[in-house]
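Since the structure comes first, as structure tokens, the remarks are kept for the end.
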Amino acid sequence: MNDSEQKKKLPLKAHLICGWPISLIFIGGAIGGVLGVAAYYFNLSLYRSELSLKAKIAQSLLAGAGAFVAWLVFAMVITGLASGA
């Protein structure tokens, strides 16, 4: 894939498919936002790959789920540290 293909604008549908993990900001605050944005950029790179659309959507869902699990781990660690456990 050459540079012009990579810089091509993606359709709104692609941004919606890739960007759903950003919704973590509503439940996860700043940490959720950072993880959601990281998953969004990861999903954009997946979307630009030559995978099938079904594979792109499945991996986008998995990347978002991974961001959620990472946020959950961060939340448990921070809660544990705050409680003195």
Polar side-chain atom of Thr79 near backbone of Ala75 as donor-acceptor pair, under 3.5 Å
yes

With ring centroids as reference points, do Phe74 and Trp71 lie under 6.0 angstrom apart?
no

Return the minimal non-hydrogen interatomic distance between Asn43 and Ala63, and the atom names on each side.
OD1-CB, 3.2 Å

Determine whether Leu35 and Leu44 fall in the same hydrophobic cluster, where Ile, Leu, Val, Met, Phe, Trp and Tyr are linked whenever their side-chain heavy atoms lie under 4.5 Å apart.
no

Give the minimum heavy-atom separation between Pro21 and Gly64, together with the two atoms involved.
CG-CA, 3.6 Å

To the nearest 0.5 Å, atom NZ of Lys54 lies from atom CD of Gln59 at 14.5 Å

If you group Ile, Leu, Val, Met, Phe, Trp and Tyr by side-chain heavy-atom gaps below 4.5 Å, do Leu61 and Leu46 land in one group?
no

Should Ile78 and Leu72 be regarded as members of a common hydrophobic cluster, given that ILVMFWY residues are connected when their side-chain heavy atoms come within less than 4.5 Å of each other, either directly or indirectly?
yes

Verify the cluster assignment for Val69 and Leu62: are they in a single hydrophobic cluster under the rule of side-chain heavy atoms below 4.5 Å apart?
no

Looking at Leu10 and Ala14, what are the two nearest heavy atoms and their distance?
CB-CB, 4.0 Å

Between the CG atom in Leu53 and the CG atom in Leu51, the distance rounded to the nearest 0.5 Å is 10.5 Å

Between OG of Ser45 and OH of Tyr40, what distance do you get to the nearest 0.5 Å?
11.5 Å

Between CG on residue Leu12 and CG on residue Leu16, distance to nearest 0.5 Å:
4.5 Å

Have Tyr47 and His15 got a donor and an acceptor in their side chains that come within less than 3.5 Å?
no

Under 4.5 Å between side-chain heavy atoms, counting indirect links through other Ile/Leu/Val/Met/Phe/Trp/Tyr residues: same cluster for Val34 and Tyr41 or not?
no

Using every non-hydrogen atom in the two residues, find where Ala65 and Trp20 come nearest and quote the distance to one decimal.
N-CH2, 3.9 Å

Heavy-atom donor-acceptor pair, Lys56 side chain to Arg48 backbone, under 3.5 Å
no

